[in-house]
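For reference, the structure is listed below as structure tokens.
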Number of protein chains: 2
Amino acid sequence: MNRKIAARCLAELGNLTRLDIYRLLVRAGPPGLNITDIQTRLDVPASTLAFHLRGLVGAGLVTQEKKGRTVICRAQYERMDGVVTFLREHCCEGFDSDLVAPLARRAS
Amino acid sequence: MNRKIAARCLAELGNLTRLDIYRLLVRAGPPGLNITDIQTRLDVPASTLAFHLRGLVGAGLVTQEKKGRTVICRAQYERMDGVVTFLREHCCEGFDSDLVAPLARRAS
DNA sequence: ACGGTATTTCTAGAATATTCGAAATAGTAT
DNA sequence: ATACTATTTCGAATATTCTAGAAATACCGT
């Protein structure tokens, strides 16, 4: 994980339509959902849906598997976990809580 | 937490400059950083920085406290936690893993 | 009051993202 | 081959976001 990939993933999920798609896939779990199912549930034009799916796949948040003429989409949980870990990395580094406001702490 | 707030937070962090600002504040921890410090470390023009900070504060990811003529900025961890929880909500709902690929599981 | 430092607002150009109809492609079934 | 279904690409209009200089505001020290 790096800054650019993390930003890309976050930006993809930062759009309401794509967030809805992603959450739908998170709910669906391992079996995933095909594109027509997503379309039916979210009521988005096919070309718009294709545009957003391309983004999610490009960011590595969703994977696709061709099954005949349908495409099964699945949320890629590890990718999101990587982003979250990255966001929390080095949290409070250089901040020693023992040195902060000792009086205030003693008072509580 | 709801779809719109989550999308807003994710979109804010989906920009490289804002992601850098946010991570800087996550590292800084509870003491936070004032705006000039952020500016010095990230080398961003003041007006650009103000623009991005407004976004992060608006999304609730960062809080600001005026201290004399400086403004101390702090990452709001709870907000991000809320977004992450929202993203994982209802994961694999309606998917019963006991019913899936029993042969494959027996084989491993 | 004045000078200096910190930060924000204004502005407008440039860049990027979003939408979706129509046309194209791919795969299945008859 | 033809018809049908699933999905993608193209293209162009529209909308949103980003950037940063210049001007404005706010607050402190003298």
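A quick note: this is a predicted structure, and the numbers were derived from the prediction, not measured. Here is the naming used below: chain letters follow the sequence lines, and residue numbers restart at 1 for every chain.
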Between atom [atom1] in [X] and atom [atom2] in [N], what is the gap in whole Å?
X: B:Leu33; N: C:dT7; atom1: CG; atom2: C1'; result: 16 Å
X: B:Leu16; N: C:dA15; atom1: CG; atom2: P; result: 18 Å
X: B:Leu49; N: C:dA6; atom1: CG; atom2: C1'; result: 12 Å
X: B:Asn15; N: C:dA15; atom1: CG; atom2: P; result: 16 Å
X: A:Arg69; N: C:dT30; atom1: CZ; atom2: C1'; result: 12 Å
X: B:Lys67; N: C:dT5; atom1: NZ; atom2: C1'; result: 18 Å
X: A:His52; N: C:dC20; atom1: NE2; atom2: C1'; result: 10 Å
X: B:Leu42; N: C:dT7; atom1: CG; atom2: P; result: 14 Å

Item checked: A:Asp43 atom CG: more than 12 heavy-atom contacts under 6.0 Å ->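 No.
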Margin query: Of the listed nucleotides (C:dA6, C:dT8, C:dT19), which one gets closest to any side-chain atom of A:Phe51?
Written below: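 From the listed options, C:dT19 comes nearest.
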Next item on the list: Look at the side-chain N and O atoms of B:Thr70 and state whether any lies under 4.0 Å from the OP1 or OP2 oxygen of C:dA6.
Entry: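 B:Thr70 to C:dA6 OP1/OP2: no side-chain N or O under 4.0 Å.
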Next item on the list: Please round to the nearest 0.5 Å and tell me the distance separating atom CZ of A:Phe51 and atom OG1 of A:Thr17.
Entry: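 Reported value, rounded in 0.5 Å steps: 10.0 Å.
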Check: Taking all non-hydrogen atoms of both residues, which atom of B:Cys73 and which atom of B:Leu25 are closest, and how far apart?
Finding: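 It is O-CD2, 3.4 Å.
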Notebook entry, point to check: A:Thr48 side chain to A:Val44 main-chain N or O, any donor-acceptor pair under 3.5 Å?
Noted result: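 Answer holds: no.
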Notebook entry, point to check: Hey, does the side chain of A:Arg18 reach the backbone of A:Glu12 with a donor-acceptor pair shorter than 3.5 angstrom?
Noted result: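 Here the side-chain-to-backbone pair exists.
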Notebook entry, point to check: Taking 5' to 3' order, which nucleotide of DNA chain D is first and which is last to have an atom within less than 4.0 Å of a heavy atom in chain B?
Noted result: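 Terminal contacting nucleotides, 5' to 3': D:dC18 to D:dC28.
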Check: Mapping A:Gly68 and A:Gly14 to their closest nucleotides on DNA chain C, which lands nearer the 5' end?
Finding: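 In this pair, the answer is A:Gly14.
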Margin query: For A:Thr63, run the side-chain hydrogen bond (donor to acceptor under 3.5 Å, both in side chains) check against A:Gln76, A:Arg79, A:Arg74 and tell me which one passes.
Written below: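 So the option named by the test is A:Gln76.
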Margin query: Checking A:Arg3 against A:Phe86 for the side chain to side chain contact (heavy atoms under 4.5 Å, CB included) test, could you report, in this order, the C-alpha distance in whole Å, the side-chain angles of both residues, the deciding distance, and whether it holds?
Written below: CA-CA 8 Å; A:Arg3 294 164 67 238; A:Phe86 179 78; 4.0 Å; yes
Next item on the list: Answer with base, sugar-phosphate or nothing: what part of the nucleic acid does B:Ser47 contact at a heavy-atom distance below 4.0 Å?
Entry: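 Base contact.
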Check: Checking all strands, does A:Thr48 fall into the base, sugar-phosphate, or nothing category for heavy-atom contacts under 4.0 angstrom?
Finding: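 The residue A:Thr48 makes base contact.
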